[in-house]
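Residue numbers begin at 1 in each chain, while the letters A, B, ... track the order of the sequences.
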2 protein chains.
Amino acid sequence: MPVPKGSTIDPERTRAAILEAATPVLYERGLDGVGVAELCASIGVSKETLYRHFGTKDGLVEAMLTARSERVTRWLAEASAEAGDDPRDQLAAVFDALREWYEDPVFRGCAMLNAAAQHHVEAVRAITARHLDRYLDLLTGIAERAGATDPPLLGRQLLMLVEGATAVAAHHGTAGTGEQARQAALTLLSAAARPSASSRRGSGV
Amino acid sequence: MPVPKGSTIDPERTRAAILEAATPVLYERGLDGVGVAELCASIGVSKETLYRHFGTKDGLVEAMLTARSERVTRWLAEASAEAGDDPRDQLAAVFDALREWYEDPVFRGCAMLNAAAQHHVEAVRAITARHLDRYLDLLTGIAERAGATDPPLLGRQLLMLVEGATAVAAHHGTAGTGEQARQAALTLLSAAARPSASSRRGSGV
DNA sequence: CTGAGATCGTACCGATCGGTTCGATCTCTG
DNA sequence: CAGAGATCGAACCGATCGGTACGATCTCAG
């Protein structure tokens with residue numbers, strides 16, 4: 001039924017299957033680390049089919065990154081939502097989820113940052129920027145609900161912590177990274193919600 | 001005088017000149033974003049000369065990354081040392097230096113993380129790991145002098161903040177990033193040196 | 001001055017890459 | 001059953017890549 005008109009073999013499903021199968025390969029091997037021919041072979045599809053659905057390797061890459069960004073963001077948002085009403089618990093849940101991810105054997109860092117570092121194409125950089133926007137929205141929301149004096153500031157600081165922890169876990173070792181980042185995040189949250197002592201000094205911003 | 005034996009035209013100087021000229025090109029365009037031919041043309045050297053000095057493109061990349069890591073680490077260490085004896089000022093100076101870097105028009109993020117994301121070669125990953133080790137040493141030293149209750153923990157948290165701020169500045173916008181990261185770093189330092197309230201909660205590590 | 005070695009410029013090589021084409025096969029609609 | 005469209009597999013194309021070879025030129029030690 002959802003099949004448009006005079007088509008067969010359900011192209012929509014084929015497209016989705018390509019996307020799903022190509023994602024881990026491109027993530028683990030790198031966007032330019034695997035050729036289209038090998039990619040097609042490893043996911044069991046012909047080059048003609050891939051090119052009819054995505055037009056270009058860049059087209060596939062962009063579709064894959066967009067889908068992955070949405071999926072990952074939804075995953076983190078759900079982890080946060082399931083933690084209850086306390087923003088502190090929500091933030092902890094985000095970093096618990098990240099810790100789980102870091103310990104996955106196929107973990108290779110943030111796919112969006114990796115892609116932007118590899119592929120010098122404007123469209124990819126835009127997808128990465130949007131991805132960070134999504135993260136920022138999630139974290140700023142937590143900061144607001146926690147009563148931070150400057151939620152956008154705290155949101156951005158937490159964003160740095162998330163991406164920094166991901167980079168450190170990927171390139172400097174997983175051991176303890178998730179827990180260390182979690183502690184730092186909660187410390188920042190406490191200090192921002194209760195700016196009693198310290199913090200301000202030197203320059204005034 | 002430092003020229004070894006029966007050589008001419010000072011090969012050592014040629015090698016250093018290649019390294020210096022190739023560094024910004026490889027950083028701005030990406031390791032795989034510029035071919036050897038174009039690279040040689042842009043730095044004014046023949047392919048034969050480049051290959052005699054570095055053997056391989058990977059050899060050049062590894063030599064370049066190693067030199068850059070040492071140079072950048074030395075730069076940050078000097079900025080920290082020039083800030084005086086107060087570890088708090090030393091940490092602030094590190095982030096002030098980073099903010100300067102972020103505002104440079106050619107800033108493209110951390111060259112080591114970019115390289116590790118692009119080039120799936122073990123040697124490059126090892127150089128990146130060593131680079132993070134150098135950063136960690138610097139930051140852990142500050143944490144120790146600040147009297148943190150757990151300097152290795154604070155050092156690693158600050159490392160995440162440094163790399164996270166660099167990634168966010170590169171891919172989500174420079175505006176304010178350096179200052180925001182600086183504030184977060186000082187907050188973490190204050191909380192770690194004076195673990196009076198908050199921080200500990202939930203899991204025990 | 002002579003000769004060893006560094007450098008240049010260019011041509012060249014094999015491999016790989018992204019992308020196209022085409023005939024054969026398959027699946028579903030009418 | 002007949003035909004439209006999806007898919008396959010393999011051949012093919014031009015471009016580019018990393019790396020090599022070679023003769024010409026240059027610089028310096030002896």
Side-chain angles (χ1 to χ4, degrees), chain A residues 1-22 25-26 28-65 115 118-124, chain B residues 1-22 25-26 28-65 115 118-124:
Chain A
M1 320 301 206
V3 182
K5 306 190 286 183
S7 70
T8 50
I9 315 183
D10 201 347
E12 301 257 351
R13 200 168 299 271
T14 301
R15 185 190 152 100
I18 293 175
L19 225 41
E20 185 177 0
V25 181
L26 290 170
E28 292 171 38
R29 304 270 306 274
L31 301 184
D32 298 328
V34 52
V36 174
E38 184 187 352
L39 184 61
C40 286
S42 81
I43 69 185
V45 87
S46 71
K47 290 176 74 173
E48 179 167 358
T49 298
L50 186 146
Y51 276 104
R52 176 155 24 83
H53 282 294
F54 299 98
T56 275
K57 187 184 184 182
D58 283 352
L60 169 67
V61 165
E62 290 158 24
M64 181 274 282
L65 289 175
Q118 294 167 37
H119 221 58
H120 282 200
V121 171
E122 188 49 39
V124 169
Chain B
M1 334 309 194
V3 183
K5 308 189 285 184
S7 71
T8 50
I9 315 183
D10 200 346
E12 301 259 350
R13 199 167 301 269
T14 301
R15 184 191 152 100
I18 293 175
L19 225 42
E20 185 177 0
V25 181
L26 290 171
E28 292 171 36
R29 303 271 305 274
L31 302 185
D32 297 327
V34 52
V36 174
E38 184 187 352
L39 185 61
C40 286
S42 80
I43 68 185
V45 86
S46 71
K47 290 177 72 172
E48 179 166 358
T49 299
L50 186 146
Y51 276 103
R52 176 154 24 80
H53 282 292
F54 298 98
T56 275
K57 187 184 184 182
D58 283 353
L60 169 66
V61 164
E62 289 159 22
M64 183 274 281
L65 289 175
Q118 294 166 41
H119 222 58
H120 282 200
V121 172
E122 188 49 38
V124 169

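The shortest distance between the side-chain N/O atoms of A:H53 and the OP1/OP2 oxygens of D:dT7 is below 4.0 Å. Close to C:dG19, at under 4.0 Å from its OP1 or OP2, lies a side-chain N or O of A:T56. Look at B:T14 and you'll find a side-chain N or O under 4.0 angstrom from OP1 or OP2 of C:dT7.
The side chain to side chain donor-acceptor pair (under 3.5 Å) contacts involving residues 55-65 of chain B comprise B:D58-B:H119, where partners must be two or more places apart or lie in separate chains.
Once rounded to the nearest 0.5 Å, the distance linking CG of A:L31 with CG of B:D32 reads 11.5 Å. Separation of atoms CD1 (A:I18) and NE2 (A:H53) is listed at 5.0 Å; rounding is to 0.5 Å.
The distance from atom CZ of A:R52 to atom C1' of D:dT7 is 7 Å, rounded to the nearest whole Å. Going from atom CG of B:L50 over to atom P of D:dT20 covers 12 Å, rounded to whole Å. Residue A:R15 contributes atom CZ, which lies 17 Å from atom C1' of D:dT7 at whole-angstrom precision. Residue A:L31 contributes atom CG, which lies 11 Å from atom P of C:dG18 at whole-angstrom precision. Whole-Å rounding puts the B:F54 CZ to D:dG19 C1' distance at 16 Å. In this structure, the OH atom of A:Y51 is 15 Å from the C1' atom of D:dA10, given to the nearest Å. Put simply, CG on A:D32 is 16 Å from P on C:dT16, counting in whole angstrom units. The distance from atom CD of A:E12 to atom P of D:dT7 is 11 Å, rounded to the nearest whole Å.
Among C:dG19, D:dG19, D:dT7, the nucleotide with an atom closest to any side-chain atom of A:T49 is D:dT7.
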- Message: Applying side chain to side chain contact (heavy atoms under 4.5 Å, CB included) to B:K47 and B:L50, what does each step give before you reach the verdict?
- Response: CA-CA 5 Å; B:K47 290 177 72 172; B:L50 186 146; 5.6 Å; no
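For residues 34-48 of chain B, proximity to DNA chain C is found at B:G44, B:V45, B:S46, B:E48, defined as any non-hydrogen atom under 4.0 angstrom from a strand atom.
Shown here for A:S42 and A:L39, the closest heavy-atom pair between the two residues is OG-O, 3.0 Å. Across all non-hydrogen atoms, the minimal contact from A:H120 to B:G30 is CE1-N, 3.6 Å.
Here A:E28 pairs with A:P24, A:V106 under the side-chain contact (heavy atoms from CB on, under 4.5 Å) rule; sequence neighbours left out.
Position along DNA chain C of the nearest nucleotide to A:G33 versus A:G55 favours A:G33 as the more 5'-ward residue.
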